Every structure is written in structure tokens, then in C-alpha cells.
Number of protein chains: 2
Amino acid sequence: MIFRLNPSSGIPLYLQLIEQVKHAVETGALHEGDQLPTIRKVAVDLVMNPNTVVRAYRELEHEGIVELKHGSGAFIRESAGGRARVMRKAQALMQSALERLAPLGLTEDELRRVFENELAQSRAARQLEGKP
Amino acid sequence: MIFRLNPSSGIPLYLQLIEQVKHAVETGALHEGDQLPTIRKVAVDLVMNPNTVVRAYRELEHEGIVELKHGSGAFIRESAGGRARVMRKAQALMQSALERLAPLGLTEDELRRVFENELAQSRAARQLEGKP
DNA sequence: TGTAGTGTATCACTATACTAGTACACTTCG
DNA sequence: CGAAGTGTACTAGTATAGTGATACACTACA
């Protein structure tokens, strides 16, 4: 695992790290049990503060993708493999959805809005299931 | 048009205003040519600074939904009606897409990630069309 | 057992997002 | 033409996000 950051993209460094780890897991570049590069190593290699790397790793831990072991390192969780497969399936479904949406000629921001609306919609629907 | 804000939602006030105007246009509550409430009126009614309302209205203007006329008011653009129809069509497509994705059991954040990935993907594909 | 290597914790700095205060300029219409 | 009502422009304060400096604590292994 080797990171490649774009400092002038406007995207926070820690988010770029998170994104790259997730991508590596989903493409199979990282497998369950694999050790991630050390916090210090990443910080030195990319010339940034260890805390920024920590922030990325802790977020990944919180999402259940990474396990941090005090004193020994950061590792890919065992459950990550299954997740990767599901995500690839989802990616395929989303692609065909966007292909159907493309002819409408919406901007990316409009598409985001439509997506968020629908997400909120189905969230609300899910809430109601257990109520009546 | 009457706004209803939630000050403790964490969502910036100006974004809430934008959202509500867009929603009103898409549902037909606001039609082409309709005048929006005055900047000052909104500011007074909702107990906030006029500048915050301005920010919302100017963003809506930038997106082509609203037209600001110096000295007379803010109005819904003529093009807004067509946009509303397209957005409703898109909403329907997005709904069926999310219904197909639901069985995979992804979290909302994971769905957002899948969506953004695919958006970037199709953006890249579009870039290549004119190149070779 | 001790040392090198690992993650952890606390505090601080800086840029940016958001909101606010206040004065200005244009339009309308009696 | 002038007064009331509208959007505009400029300046500034405050909260939060992002990043950094540095010291601490645990683990593995020779």
C-alpha cells in the first residue's frame, strides 16, 4: 500500500487517505489481515503530521474497515472482504442507473440533489415500517 | 412561499432556504415568474441577517433558478418549469435504482460513496469522448 | 528485560464557512 | 420628483474543520 496525495485538490488530506484505503480494499489490492503502512511512515513519506494519518485510520476503524492494535499496527478487518464484493455489485447497479439518468442532461449537483432526496425518502419510509 | 427553518439541525440556514425554494419549484408550489418573498421580509420573519438570505438567493440565481431584479424583487426564472419536470423524472429513476440497491444492505454513507465513485467515473468517460 | 517500533492523547495554530452589522443604489409609483 | 421598498456591497466577528507539535503508553522481539 502506497499513498498518492494531491495537496492542491482542496480535498482534505485525511479524506484522501481514507478514500485510497477503501479503494484498495474494494479492488483487492488490500486483503483481510494485511497491515497498513505505519502512521509515522505515512507521515514522513508524505511530509505531513502524524495526527492527520491518525484521523484517517481512526475513521476507517470507526467504519469497521480497519483494526488498530496499540503497539503493533493497523490492519484490514476480517469482514472487509465481503464488504468489497458487495460494494462492487452496488457499483455496477449504480452505473446502470446513471446511464439511464444521463439522457436527462442534469448537472452533477442536480444529480446529487436527486440522490440525496431519494435517500431521505427511503430513510423516512424505513422509519415508518415499525411504527403502525 | 413561506419558509420553515430548523436552526438546530446543523444545516446552514442559507442551504435550508435554497433547498426549500428548489423543492417548491419542483412540486409546483412556485411557478415561473412568481415573486419570492423579499430579502428583508424573510430576514425579519425568521430573525436572521439579510445577508444570509442574500446568499441563498444569489446561489439560486447562479444555478439559473431565480432572477434577482435590483430594486424590484426576486423571481422564479422562466426556464424553471422545464427543469422541474426533468427533476421529477430523474427522481423516479433514482428511486427505482435505490430500490434495487436496498437489498445489499449498505449504509447511507456507503451508498454516497458508490454514487460519487460512479459520478467521477462517468465524468472521466465524458472527458475522453472529445480527445482521441 | 530493555529497546525499537507501534498507536494514543493533549494542546495549539490557521484557514475557511457561516452569520451578522451597516451603509449604498436602483425601481416603482403616487 | 421623492419616498418607500427593493436588491447590493463592504466589513467584521465567531465557530468549526483541518492540520501541526510534542509527549505518552503499549507490544513485540532480540
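So you know, we letter chains A, B, ... as the sequences are listed, proteins then strands, and number each from 1. Just so it is clear, the model here is predicted, and its values are computed rather than measured.
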Heavy atoms only: give me the nearest B/Glu26-B/Ala84 pair and the separation to one decimal.
CA-CB, 3.9 Å
Could you check B/Thr52 against B/Gly71 and say which one's nearest nucleotide on DNA chain C is further toward the 5' end?
B/Thr52
Nearest-Å distance, [atom1] ([X]) to [atom2] ([N])?
X: A/Gln16; N: D/dA17; atom1: CD; atom2: P; answer: 19 Å
X: A/Tyr57; N: C/dT8; atom1: OH; atom2: P; answer: 12 Å
X: B/Ile11; N: C/dT19; atom1: CD1; atom2: C1'; answer: 17 Å
X: A/Asn49; N: C/dC11; atom1: CG; atom2: C1'; answer: 12 Å
X: A/Asn6; N: D/dG18; atom1: CG; atom2: P; answer: 16 Å
X: B/Ile18; N: C/dT19; atom1: CD1; atom2: P; answer: 10 Å
X: A/Glu61; N: C/dT8; atom1: CD; atom2: P; answer: 7 Å
X: B/Leu46; N: C/dT19; atom1: CG; atom2: P; answer: 12 Å

From C-beta outward on [X], which listed nucleotide comes closest to its side chain: [options]?
X: A/Pro12; options: D/dA28, D/dT8, D/dG18; answer: D/dG18
X: A/His70; options: C/dT27, C/dT8, C/dT19; answer: C/dT8
X: A/Thr38; options: C/dT6, C/dT28, D/dG18; answer: C/dT6
X: A/Ile39; options: C/dA20, D/dA28, C/dG7; answer: C/dG7

On DNA chain D, nearest-nucleotide positions of A/Leu13 versus B/Arg58: which is more 5'?
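Nearest nucleotide further toward 5': that of B/Arg58.
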With nearest nucleotides of DNA chain D determined for B/Lys69 and A/Tyr14 from heavy-atom distances, which residue corresponds to the more 5′ nucleotide?
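So the residue in question is B/Lys69.
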Establish, with yes or no, whether the OP1 or OP2 oxygen of C/dC18 is under 4.0 angstrom from a side-chain nitrogen or oxygen of B/Arg55.
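Result: yes.
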Please check if atom CZ in B/Arg85 has more than 12 non-hydrogen atoms from other residues, nucleotides or ligands closer than 6.0 Å.
no
Let's test your reading of the model: under 3.5 Å, does the base of D/dG7 pair with the side chain of B/Arg40 as donor and acceptor?
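Checked by distance alone, the answer is yes.
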Out of A/Thr52, A/Ile2, A/Leu5, which one pairs with A/Leu46 under the side chain to side chain contact (heavy atoms under 4.5 Å, CB included) rule?
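When A/Thr52, A/Ile2, A/Leu5 are each tested with A/Leu46, the side chain to side chain contact (heavy atoms under 4.5 Å, CB included) holds only for A/Leu5.
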According to a hydrophobic-cluster definition based on side-chain heavy atoms being under 4.5 Å apart (Ile, Leu, Val, Met, Phe, Trp, Tyr only), do A/Val44 and A/Val53 belong together?
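No, because A/Val44 and A/Val53 fall into different hydrophobic clusters, even though each may have its own neighbours under 4.5 Å.
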If we ignore angles and hydrogens, is there a donor and acceptor under 3.5 Å between the side chains of A/Gln95 and B/Gln121?
no
